[in-house]
Amino acid sequence: MAEQATISTIDRFVGHEVHLRGWLQSRTDKGRLQFLNFRDGTGTIQVVVFQKNVPPEAFEAARRVTQESSCEVTGTVRADPRAPGGYEIDASSFHIVQLAQDYPITPKEHGIDFLLDHRHLWIRSPRQRSVLAVRATVVDAIRTWLNSHGFTLVDTPILTPAACEGTTTLFETDYFGEPAYLTQSGQLYNEANIAAFGKVYCFGPTFRAEKSKTRRHLIEFWMVEPEMAYADLEECMRVEEEFVSAIVQRTLAERARELEFLGRDTTLLRNVVPPFPRITYDEAVEILNREGVPITWGDDFGAPHETALAQRFDRPVFVHRYPAQCKAFYMEEDPERPELSLSVDLLAPEGYGEIIGGGQRTARLELLERRIAEHGLPRQAFEWYLDLRRYGAVPHSGFGLGVERTVAWICGLDHLREAIAFPRTLGRLYP
RNA sequence: UGCGGGAUAGCUCAACGGUAGAGUGCCCGGCUGUUAACCGGAGAGUUGCAGGUUCGAAUCCUGCUCCCGCAGCCA
């Protein structure tokens with residue numbers, strides 16, 4: 001009697017007859033011998049169908065099965081050095097569940113436009129499966145680390161009444177006659193939640209109606225945002241470096257096979273352990289001007305600046321204390337230099353840019369009121385947020401980590417769109 | 001949104017003013033150890049859309065649509 005098995009644990013079934021259900025990835029026809037590259041969702045394995053070992057109808061099915069047809073196979077597991085992965089199934093039976101017709105994605109090269117139009121099928125390919133598997137581990141590492149370090153998950157709303165940082169980059173929708181916006185960040189709500197739990201995080205999709213067309217931007221992306229009561233900027237950086245290191249090291253440990261398949265050189269990733277280098281905005285400006293990537297003090301960094309800075313270090317680098325004018329209205333002032341904000345960005349190596357933005361939020365009512373006015377924000381929409389400075393305000397800090405940027409960096413991808421199953425990019429809402 | 005590149009067979013591309021091509025996939029045939037197998041055969045086109053120049057346009061010109069890259073915005 002055949003045992004139900006999965007490919008990922010097939011080594012436990014050597015010598016046994018097993019039953020597998022899945023899809024045909026590819027096939028090599030050798031006449032009276034068929035090699036089937038078979039996938040069940042947990043992995044792929046070679047199935048060998050000899051004409052003399054199976055009933056005639058099973059051999060006929062193996063001979064005419066097409067790429068990505070769903071099918072079931074029964075056979076004996078054996079170790080064979082000639083098989084990719086070292087194991088193969090000597091089939092005793094084979095049948096087609098559904099015969100696929102003209103599967104569009106072939107083992108040869110395709111253009112990115114074609115692949116994105118067929119993203120619902122492209123995700124089956126080994127490379128895309130590897131990236132999405134890494135993503136799953138990154139997400140789990142994020143949750144596990146935060147849950148085990150005193151953070152409580154508190155979900156924040158997706159439909160919001162107003163902007164965190166101005167309405168120009170928000171998707172507007174109709175909320176029974178009132179304008180509503182898709183969230184850009186859960187941070188302001190996190191600042192409310194810390195008074196209930198001390199340390200919290202939210203984790204979900206985020207939407208930016210920016211006409212960004214670069215390898216570092218998605219219209220819809222996932223962000224995890226921890227927020228901590230009684231934490232200053234230094235504490236924020238300390239948490240960030242522990243957090244990012246834990247994510248990277250766990251992914252290296254659990255997804256070595258996928259990273260190798262992706263061709264990722266993991267040498268630099270192994271360096272990602274605390275402490276990360278810290279430079280001030282002032283120092284960064286000096287370095288950039290000295291190294292021929294000119295920038296005026298007071299301007300925010302562009303992608304070329306971030307790349308040039310990150311290239312100088314063997315692990316992610318903190319840039320802290322940006323001019324207040326570069327950063328959001330809720331940032332705390334540097335008490336020693338009020339023109340600076342207690343903000344910090346974490347720049348990933350190898351040109352992947354900013355993977356974290358964050359810092360210390362202001363606890364001062366009068367500064368927040370002034371900033372809301374300076375930024376021309378509708379004060380009545382922020383009354384609840386101002387309340388947080390009236391009823392038990394504390395020094396607090398937090399940050400947002402972009403999941404796709406982190407996955408793209410760890411995988412060595414050249415574009416964020418492969419780091420999410422169904423990317424939303426400028427001009428692409430299908431599939 | 002700005003600058004640059006592009007759209008030709010299902011797919012990836014060539015042809016750059018003179019009969020529309022290759023590789024690959026699909027289909028048919030052969031092969032008991034293939035790893036993007038190999039060998040033989042066959043089919044496959046409104047050259048993105050609309051107009052213009054020309055004896056003749058995939059090729060030159062104009063407009064439009066869509067895609068890609070870089071930048072800005074940011075995670």
Side-chain angles (χ1 to χ4, degrees), chain A residues 25-37 44-53 59 63-64 66-67 80-86 88 90 100-118 125-126 164-166 168-170 183-187 203-225 240 244 299-307 326-328 345-348 351-358 399-409 414-417 419-420 425-428 430:
Chain A
Q25 198 153 295
S26 60
R27 182 171 63 99
T28 301
D29 183 344
K30 284 281 295 172
R32 284 188 269 283
L33 168 61
Q34 303 289 329
F35 291 103
L36 310 181
N37 189 11
T44 60
I45 194 166
Q46 172 163 287
V47 174
V48 185
V49 187
F50 286 100
Q51 187 173 32
K52 67 177 175 56
N53 292 354
F59 187 76
R63 204 183 61 76
R64 69 192 190 92
T66 52
Q67 187 188 359
D80 190 314
R82 293 172 297 186
E88 64 183 20
D90 184 10
Q101 301 288 333
D102 298 324
Y103 188 72
I105 300 177
T106 68
K108 298 287 181 177
E109 71 269 29
H110 296 284
I112 189 63
D113 190 36
F114 177 83
L115 289 170
L116 288 173
D117 278 342
H118 295 84
S125 70
C164 294
E165 300 166 28
T168 53
T169 64
L170 293 179
T183 182
Q184 188 181 47
S185 163
Q187 184 214 309
F203 192 2
T206 299
F207 308 88
R208 301 275 166 91
E210 285 283 346
K211 305 234 172 184
S212 303
K213 289 199 298 187
T214 82
R215 65 178 70 189
R216 295 178 308 282
H217 292 86
L218 294 171
I219 304 300
E220 175 182 308
F221 64 97
W222 282 63
M223 185 158 67
V224 59
E225 295 176 274
E240 287 183 34
V244 169
D299 289 348
D300 205 353
F301 301 134
H305 303 113
E306 290 182 353
T307 302
C326 296
K327 291 294 173 184
D345 286 352
L346 184 67
L347 308 183
Y352 285 93
E354 183 184 341
I355 55 170
I356 287 182
F399 59 94
L401 175 133
V403 170
E404 289 78 13
R405 284 190 182 174
T406 303
V407 171
W409 164 47
D414 59 13
H415 200 299
L416 252 57
R417 63 191 161 212
I420 185 168
T425 55
L426 189 62
R428 183 179 289 282
Y430 176 94

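Excluded from the calculations below are hydrogen atoms, water molecules and symmetry mates; all remaining heavy atoms, backbone and side chain alike, are included. Protein chains get the first letters and strands the later ones, always in sequence-line order, with residue 1 at the start of each.
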Could you write out each protein N or O paired with an N or O of nucleotides 23-29 of chain B at a distance under 3.5 Å?
residue	atom	partner	partner atom	Å
B:C26	O2'	A:Asp102	OD1	3.4

List, with names and distances, any nitrogen or oxygen atoms from the protein found under 3.5 Å away from nitrogen or oxygen atoms belonging to nucleotides 42-44 of chain B.
none

Contact list (N/O, under 3.5 angstrom) for nucleotides 66-70 of chain B vs protein:
residue	atom	partner	partner atom	Å
B:C67	OP1	A:Gly427	O	3.0
B:G69	OP1	A:Arg417	NH1	3.1
B:G69	OP1	A:Arg417	NH2	2.8
B:C70	OP1	A:Arg215	NE	2.4
B:C70	OP1	A:Arg215	NH2	2.2

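Looking at residues two or more places apart in sequence or on another chain, you find a side-chain hydrogen bond (donor to acceptor under 3.5 Å, both in side chains) between A:Thr66 and A:Ser69. In terms of the salt bridge (Lys or Arg N to Asp or Glu O under 4.0 Å) criterion, A:Arg215 has no residue partners (sequence neighbours excluded).
Dashed line: the shortest gap from a side-chain N or O of A:Arg32 to OP1 or OP2 of B:U32 is under 4.0 Å.
Straight-line distance from the NZ atom of A:Lys30 to the P atom of B:C31: 11 Å, rounded to whole Å.
Looking at heavy-atom distances under 4.0 Å, A:Asn37 makes no contact with the nucleic acid at all. Contacts of A:Gly302 with the nucleic acid, taken as non-hydrogen atoms under 4.0 Å apart, involve only primed sugar atoms and P, OP1 or OP2. Across all strands, A:Ile105 comes closer than 4.0 Å to no nucleic acid atom at all (heavy-atom distances).
Contact annotation: side chain of A:His110 to base of B:C11, donor-acceptor pair absent below 3.5 Å. Side chain A:Ser212 to base B:C74: no donor-acceptor pair is found below 3.5 Å.
Helical stems involving RNA chain B, defined as 3 or more consecutive Watson-Crick or G-U pairs under 3.5 Å, span B:1-7 with B:65-71, B:10-13 with B:21-24, B:27-30 with B:38-41, B:48-52 with B:60-64.
Look at A:Phe35 and the base of B:G33; the rings do not stack under the cut-offs of 5.5 Å between centres and 30° between planes.
Two residues, A:Gly31 and A:Ser26, neighbour RNA chain B, and the one matched to the more 5' nucleotide by heavy-atom proximity is A:Gly31.
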